[in-house]
Amino acid sequence: MKPVRTRFAPSPTGFMHVGNFRTGLFAWLVARHYGGTFILRLEDTDKKREVEGSDEHIMKCFEVLGLAWDEGIKVGGPYAPYRQSERLESYIDWARILVDAGRAYADPYTPEEVEAFREEAQAAKKPFLYREHRPENPPKWKPGMPLRFKSDPKNYEWHDAVMGDLHAGPEVIDDFILIKSDGFPTYNFAHIIDDHEMQVSHVIRGQEFIASTPNYLNLYEALDFERPVLAAMPHILKADGKKKMGKRDGAKDVLDYFRDGFLPEAMVNFISSLGWNDGTEQEIFTKQELIEKFSLERVQRSGARFDEDRLHWMNGVWIRSLNVDELYARSRNFWPKSADAYDDAYKTRVLGLLQERLKYFAEIPALSAFFFEDLPVDLELVDKNKQLKKYSRDELKSLLTTAQASLEQSDFSAADLTERLNALLDQTGQKPGVLFSIIRIATTWSPSSPGLADTLAVLGKDISLRRLQASLEAL
RNA sequence: GGCCCCGUCGUCUAGUGGUCCAGGACGUCAGGUUCUCAUCCUGAAGAUCAGGGGUUCGACUCCCCUCGGGGUCACCA
C-alpha cells in the first residue's frame with residue numbers, strides 16, 4: 001500500500017467554520033491512523049475573494065486544537081511551496097503538456113459570449129455545457145488567455161470511501177477552465193496537479209465536489225495520473241434548521257468556541273462525533289482513541305446538525321475530567337477583573353468549586369462573582385424564596401445571629417464548618433432548607449452557589465463574617 | 001429544469017434479512033442525594049424506521065415508485 005498522505009486545502013477566503021474544520025480533522029485523523037503524513041496546503045488562486053489574515057486564522061485553528069501538520073504552509077516540506085499562488089510555473093508546465101497532447105485549447109470567446117451561451121441553455125432548461133460550443137480552430141494558447149480542458153465525455157463509476165459506489169454519465173463532463181486569463185489556475189486544475197506532485201493518497205473534501213468528480217476523473221486520465229482514494233464528507237447543518245433544514249452549515253467560527261473557553265479535547269471529540277462513530281456506545285473519545293478507531297468507511301452519508309447543547313455537555317465532561325491545577329492553567333484568560341486582587345491559590349480553590357457546574361470558561365465571571373466582590377443586597381432573594389418567605393425578618397435575623405455566634409468560633413475549615421452547620425440545625429430546630437438558605441443568601445447574595453460549607457471555607461472567616469454582619473443590618 | 005447524493009426518537013446516532021413491538025447519548029420531564037445551582041444515581045416520555053408498492057417464511061435492512069431535503073450545472077473553491 002502506498003504511503004498515506006492526506007491534505008486539507010482550504011482557500012483563504014474568511015474564517016473557518018466547524019463544517020470546514022471537520023473535513024480537516026478527518027483528513028488529519030486518517031493520516032495519523034495510518035502513520036502517514038498530513039499536509040496543510042493553501043488554495044489561494046482566486047485573488048478577488050482572498051481575505052487577508054485567513055491563512056493565519058486557518059493555522060491557528062489547527063494549532064489551538066492541537067492538530068499539527070507535517071508538511072505545508074509555514075512548516076515547509078519536500079514538495080514546497082504549499083501555497084498555490086507560488087506554484088504557478090508548475091501549472092503552466094502541465095498545461096503545456098495538455099496543449100501539446102491536444103487535450104487543452106484556448107478559449108476564444110469573451111466572457112459575455114460565454115454568458116450568452118449559458119443563458120441560452122438556461123432558457124432551454126438545459127444544463128450549460130461549454131463543449132457544445134467548442135471552437136473548431138482555437139487560437140494558439142499563450143498565458144493571458146483562458147485555457148480549457150478538451151474533455152472526453154464518458155460514463156464513470158468510482159468508489160467513494162464515504163459515499164460508496166457512485167456513478168455519472170457523460171452529460172456532466174465538460175470543457176472546464178484550466179488556467180484563467182489572469183494566469184492563475186482554477187481549483188479544478190490546480191488541486192489535481194498539486195495532489196499528484198505532492199503524492200497525496202486520499203482526497204478528502206466536502207460533498208459539494210461529488211458533482212465535479214467525473215471531470216476530475218477525466219482529467220486524471222488525460223494527464224495519466226493515478227486516481228487517489230476519494231472521500232466526500234457530508235455537510236454539517238445549522239442547529240435550528242427546523243423544517244427548512246436548508247442552508248448548509250451556518251456554524252460559527254471555530255475560534256469563537258476557543259475564545260468562549262471550550263476545551264480542545266472536547267472540540268475534537270465533538271466535531272468528530274458529527275457524522276462519525278465507532279459502532280459502539282462510547283461517546284467520549286480522547287484524541288488518541290480517535291486516531292486508533294477512526295475510519296472513513298464509518299463516516300455517515302447524511303448531514304449532521306450542530307447541536308450546541310450536546311457540545312456543552314461534552315465540554316462539561318472534559319472539564320470535570322481534568323485536575324484542578326490543569327484546569328486553572330487553562331482558564332487563566334477567563335477570570336473577571338475583580339479576581340485580579342486574589343492569588344492563584346484562592347482562584348484555584350474557587351475553580352475547584354466551579355468545576356462541576358462549568359460548561360465553558362466564559363461562564364466563570366458570572367458563576368464566581370461573589371467570591372471576589374460583595375454583591376448588592378437583593379431582598380428579593382429572601383422574599384421570593386419558597387422556604388424563607390414564610391418567616392419574618394426578625395425570625396431570620398435571629399437565625400443569622402445564632403449562626404454568627406457559632407461561626408465566630410470556627411477555624412473555617414470545610415470540616416469544621418460542616419460540623420457547626422449541622423449542630424446549628426439541632427440548636428435552632430430548623431430544616432436545612434431554611435437555615436442554610438438564609439446563611440447562603442446572606443453571605444453570597446447570589447441566586448445560586450456551590451455547597452454552603454465549601455463556599456464559606458473558600459470565602460474565609462473575615463469575608464464571611466463581615467458579610468453576615470452587613471446582611472444582619474440590611475435585613 | 002438536467003445530473004448526483006441523502007432520509008431511524010426534537011438532536012447526534014446503533015442497526016448490512018430473523019436476537020428490534022428498534023439500542024445508546026444529548027435535551028426534556030419526574031424522583032433521590034442535608035439549602036440553591038450543578039454533579040451523580042434512578043425512572044419516564046419520545047421513532048407507525050419519510051410514504052407506497054414489491055421480493056422473501058420473514059425487511060429498518062434488498063428492488064421499484066413517490067415525497068421531502070441537499071449538492072451541482074462559474075475565468076469560486
Side-chain angles (χ1 to χ4, degrees), chain A residues 9-11 13 43-46 48-49 107 111 114-115 118 121-122 124-130 145-148 160 163-164 166-169 171-172 174 176-182 184-188 190-191 205-214 232 234-235 237 239 241-248 270 273-284 300-314 316 320 353-359 367 381 385 387-388 418 421-422 425 431-441 444 446-452:
Chain A
S11 57
T13 51
E43 314 237 305
D44 57 343
T45 56
D46 185 354
K48 295 182 293 294
R49 294 208 314 155
D107 179 346
V114 177
E115 184 54 31
R118 199 190 321 283
Q122 209 157 34
K125 296 207 167 198
K126 281 168 56 186
F128 170 62
L129 241 28
Y130 181 94
M145 300 168 77
L147 183 72
R148 281 187 186 266
D160 184 284
M163 296 297 174
L166 302 177
H167 62 88
E171 69 279 1
V172 302
D174 197 15
F176 58 91
I177 297 274
L178 262 15
I179 306 280
K180 297 180 277 183
S181 56
D182 64 3
F184 281 79
T186 57
Y187 163 84
N188 298 325
H191 88 274
R205 82 239 288 191
Q207 67 174 180
E208 65 271 26
F209 291 103
I210 290 179
S212 42
T213 297
H235 290 307
L237 314 164
K242 291 283 165 54
K243 300 163 192 162
K244 297 236 181 207
M245 44 157 110
K247 312 282 174 57
R248 69 175 235 232
F270 180 72
S273 80
L274 254 28
W276 176 85
N277 71 82
D278 74 341
T280 71
E281 288 178 354
Q282 184 172 350
E283 308 280 345
I284 303 299
Q300 209 78 252
R301 287 176 175 72
S302 55
R305 273 184 205 69
F306 190 91
D307 180 6
E308 283 205 341
D309 278 341
R310 197 172 151 80
L311 205 215
H312 288 173
W313 162 75
M314 197 171 273
R320 274 170 254 130
L353 298 187
L354 258 36
Q355 187 168 15
E356 70 184 26
R357 56 211 91 207
L358 219 47
K359 296 279 186 245
L367 291 177
L381 290 177
N385 185 293
Q387 304 277 344
L388 301 183
T418 302
L421 254 14
N422 283 338
L425 246 25
K431 291 190 206 160
V434 175
L435 213 220
F436 292 179
S437 288
I438 187 60
I439 299 176
R440 200 181 61 71
I441 289 171
T444 66
S446 194
S448 70
S449 75
L452 221 209

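Side chains are part of it too, since the values below use all heavy atoms of this structure and drop only hydrogens, waters and symmetry mates. Owing to the predicted nature of the structure, the values given are computational and were not obtained by experimental measurement. Labels below follow one simple rule: chain letters A, B, ... track the order of the sequence lines, proteins then strands, and each chain is numbered from 1.
In the interface, the side chain of A/Asn422 is paired with the base of B/U34 through a donor and an acceptor atom under 3.5 Å apart. Not a single donor-acceptor contact under 3.5 angstrom links the side-chain atoms of A/Arg305 to the base of B/C12. Side-chain atoms of A/Arg301 and base atoms of B/C5 include no donor and acceptor less than 3.5 Å apart. Contact of A/Thr186 with B/C75 (side chain to base): no donor-acceptor pair of N or O atoms is detected under 3.5 Å.
Heavy atoms of A/Lys48 sit under 4.0 angstrom from primed sugar atoms or phosphate atoms, though from no base atom. A/Glu283 comes within 4.0 angstrom of a base, heavy atoms only.
Rounded to an integer number of Å, the gap from A/His312 NE2 to B/U28 P is 12 Å. Straight-line distance from the NZ atom of A/Lys180 to the C1' atom of B/A77: 9 Å, rounded to whole Å. Regarding A/Met314, its CE atom lies at a distance of 9 Å from the P atom of B/C26, rounded to whole Å.
Listed nucleotides B/U34, B/C75, B/U36 differ in distance to A/Leu425; the shortest reach to its side chain belongs to B/U34.
The partner of B/U56 is absent, by the rule that a Watson-Crick or G-U pair needs both atom distances under 3.5 Å.
The C1' atoms of B/U42 and B/C49 are separated by 29 Å, rounded to the nearest whole Å.
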